[in-house]
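Worksheet: one structure, shown below.
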Amino acid sequence: MLDITYVRQNPDEIASMLRNRQLASEEPRLQELLEYDRKRRELVQRSDEMKAQRNKVSKEIADIKRTGQGSGEELIRQMKEVSDEITTMDAALTKLETDIEEILLSLPNRLHESVPAGKCAEDNVVFKAPVSYLHLLDFPIKNHLELGKSLGILDFERGAKITGAGFPVYIGKGARLERALINFMLDYHTEHHGFTEVFPPFFVNQDSLRGTGQWPKFADQVYHIGEDNLYAIPTAEVPVTNLHRNEMIETERLPLSYVAYSACFRREAGSYGKDTRGFLRVHQFNKVEMVKFTRPEESYQELEKILMSAEAILQALMIPYRVLLLCSGDISANATKCYDIEVWSPAEEKYLEASSCSNFEDYQARRMNIRFKPDSRSKPEFVHTLNGSGLATSRLMVSLLEHYQNRDGSITIPEVLRPYTGFTSIDQITS
RNA sequence: GGAGAGGUCGCAUAGUUGGUCUAGUGCGCUCGCCUGGAAAGCGGGUAGGGUGUAACAGCCCUCGAGGGUUCGAAUCCCUCCCUCUCCGCCA
């Protein structure tokens, strides 16, 4: 959420940001917001004046009653009218505030100066070219679905039977490999990158979704448990960032770095027919997520560190990837700057998004009211929040299986995972 | 699921027949005095948000959250959330 004071003082900058994000259609909303804001301040002043009068006269009434100088009937009658007016005004005020909040919650974040201008995904900038750890695949290669099936480690059909399409089942060494990846990533980030591990709830309330910005914008993409009014998390970002909602963080603890594994649930409504095969788009997947809370002046430096932490996993696994710097037209509404990490799929012959590393500056912190005091005497300021996947296993699994397949259809387990899998290869089922 | 108790300004507490509560006190923190230095003692300051101002000041709101009654609510009523105790059920 943007600071209304900032919007009021810099309307042109916000308007140009909307155009850069290809959201010029939102400009009338911005004008509406400014008008509501003007009206609200006018009304607040009048309402506060009347409240001041009521407070003052109520004390006079109390004095009169206490000293027994009369009944104060006339004053009470007058204040009854004043109170009625206040009630009317406050109702109008509440309406205005609701409207303002609604617009403010839907306006996207500002953009960092380093974000390239662009209209769509094609305009994203390749920030780091693929580093080549390519294994020699000089034989007809199988895609991850064929490998999963022939090795008996992935079962999409049974997943569809017991739940529905897009809920894969991992079996045998496949399940163990998935768990190994998760454990490896958690250990790596806690041991080498200074993150504190968190195991969060997989369901959150609506306030939490609102805090990180999934609500109201992505309301239709989140699974809802109506009975208890809870939502299945689309990413661990939601519970972990909300850990400090409505808190004043002790300044000396900043920056705070958390890493969390969670299953992630996404309805993916409206995206059927596009990249839906196998793991490319699923309703439930596993992800290790990094979340940071920082002082404003260090957030961009921390963004680079998150990116490097995510890259370190791929380097250790020796999986080829590239890093994109998202352009103004493709970056998510919450972020001021975002890097995507994409892993190469030799079978699909394209890059697959495996991580997204973003700085939200104070956009989420303002929604969640997470602050710190730069020093003991100063006013509280909002922290900056950041996050990055480190990483999502589904696309990673695609790339890993495909890269590490052998001519005979078996899979060699990457060195760094062997302590976690307890085996060095996954071989063809011999029946 | 049932019954009961409770949520107050960092922490602990006072406040329940509505009006001297613009929330008292203790601890903690902090500034100053005192001291060779420290402790003790003494004195002061110790929330957030809104509005407003050049900046102050001033004013408004917040006693778990949200409504209501009233001229006036920490105090009365309603709904919800959370914590604790007991009972029941149960991975």
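Here the structure is a predicted model, which is why all the values come from computation and not from measurement. Below, chains carry the letters A, B, ... as their sequence lines are ordered, and counting in each starts from 1.
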Task: Inter-nucleotide C1' distance (B:rA14, B:rC34), Å rounded - done: 33 Å
TODO: Considering just the side-chain nitrogens and oxygens of A:K373, establish if one lies under 4.0 Å of OP1 or OP2 belonging to B:rG48.
DONE: yes
Open item on the list: Suppose you measure atom C1' in B:rC31 against the same atom in B:rC80; what distance do you get, rounded to whole Å?
Closed with: 44 Å
Task: A:R46 vs B:rC60: side-chain N/O to OP1/OP2 distance below 4.0 Å - done: no
- [ ] Report the nucleotide, chosen from B:rC71, B:rG49, B:rC60, that has the shortest atom-to-atom distance to any side-chain atom of A:M79.
- [x] B:rC71
- [ ] For this output row, return yes or no: ring centroids of A:Y339 and A:F127 closer than 6.0 angstrom.
- [x] yes
Task: A:F285 six-ring face occupied by A:R266 cation (under 6.0 Å, within 45°) - done: no
Task: Cation over ring face, A:K173 and A:F423, 6.0 Å, 45° - done: yes
Task: Same-atom distance (P) from B:rC42 to B:rG26, integer angstrom - done: 10 Å
Open item on the list: Let's test this: given Watson-Crick or G-U wobble pairing with both distances under 3.5 Å, identify the partner of B:rG1.
Closed with: B:rC87
Task: Touch class at under 4.0 angstrom, heavy-atom based, for A:R38 against every strand present - done: nothing
Open item on the list: Roughly how many Å apart are B:rA23 and B:rU46, using the C1' atom of each and rounding to a whole number?
Closed with: 15 Å
Open item on the list: Can you see if the side chain of A:R77 gets near the phosphate of B:rC71 - specifically, an N or O under 4.0 Å from OP1 or OP2?
Closed with: no
- [ ] Just call it for A:K80: base, sugar-phosphate, or nothing, with non-hydrogen atoms closer than 4.0 Å on any strand.
- [x] sugar-phosphate
Task: Between B:rC84 and B:rC77 - C1' atom distance, rounded Å - done: 25 Å
Open item on the list: Nearest to the side chain of A:V44, heavy atoms from C-beta on, is which of B:rC71, B:rU51, B:rC60?
Closed with: B:rU51
Open item on the list: Looking at A:D63 and B:rG19, is any side-chain donor or acceptor paired with a base atom of the opposite kind under 3.5 Å?
Closed with: no
TODO: Give the nucleotide from the list B:rU51, B:rC71, B:rC61 with an atom nearest to the side chain of A:I76.
DONE: B:rC71
TODO: Write down the distance separating the C1' atoms in B:rU70 and B:rC76, rounded off to the nearest Å.
DONE: 10 Å
Task: Proximity to the side chain of A:S83 - top-ranked nucleotide from B:rG49, B:rU51, B:rC71 - done: B:rC71
Open item on the list: Reading RNA chain B from 5' onward, which residue's closest nucleotide shows up sooner: A:P380 or A:A52?
Closed with: A:P380
TODO: For A:K56, answer base if it contacts any base atom (sugar-phosphate contacts may also be present), sugar-phosphate if it contacts only those atoms, and nothing otherwise; contact means non-hydrogen atoms under 4.0 Å.
DONE: nothing
- [ ] Establish, yes or no, whether a centroid distance under 6.0 Å links the rings of A:Y258 and A:H244.
- [x] yes
Open item on the list: Applying a 4.0 Å non-hydrogen cut-off, can you work out what A:N55 is touching in the nucleic acid: base, sugar-phosphate, or nothing?
Closed with: sugar-phosphate
Open item on the list: Below the 4.0 Å mark, does B:rG72 have OP1 or OP2 next to a side-chain nitrogen or oxygen of A:R54?
Closed with: yes
Task: Nearest-Å distance once atom P is located in both B:rU16 and B:rU75 - done: 12 Å
Task: Which atom of A:S358 lies closest to which atom of A:C338, heavy atoms considered - done: OG-SG, 3.4 Å
Open item on the list: Say we look at B:rG58 and B:rG52: how far apart would their C1' atoms be, to the nearest angstrom?
Closed with: 8 Å
Task: N or O in side chain of A:R40 less than 4.0 angstrom from B:rU51 OP1/OP2 - done: yes
Task: Closest to side chain of A:A62, choosing from B:rU51, B:rA47, B:rG19 - done: B:rG19
Task: Check: A:F265 ring centre within less than 6.0 Å of A:H283 ring centre - done: no
Task: Short side-chain N/O contact from A:K379 to OP1 or OP2 of B:rG49, under 4.0 Å - done: yes
Open item on the list: Can you confirm whether or not the ring centre of A:F293 sits under 6.0 Å from the ring centre of A:H384?
Closed with: no
Task: Pairwise 5' ranking along RNA chain B for A:Q53 and A:I61, keeping only the more 5' one - done: A:Q53
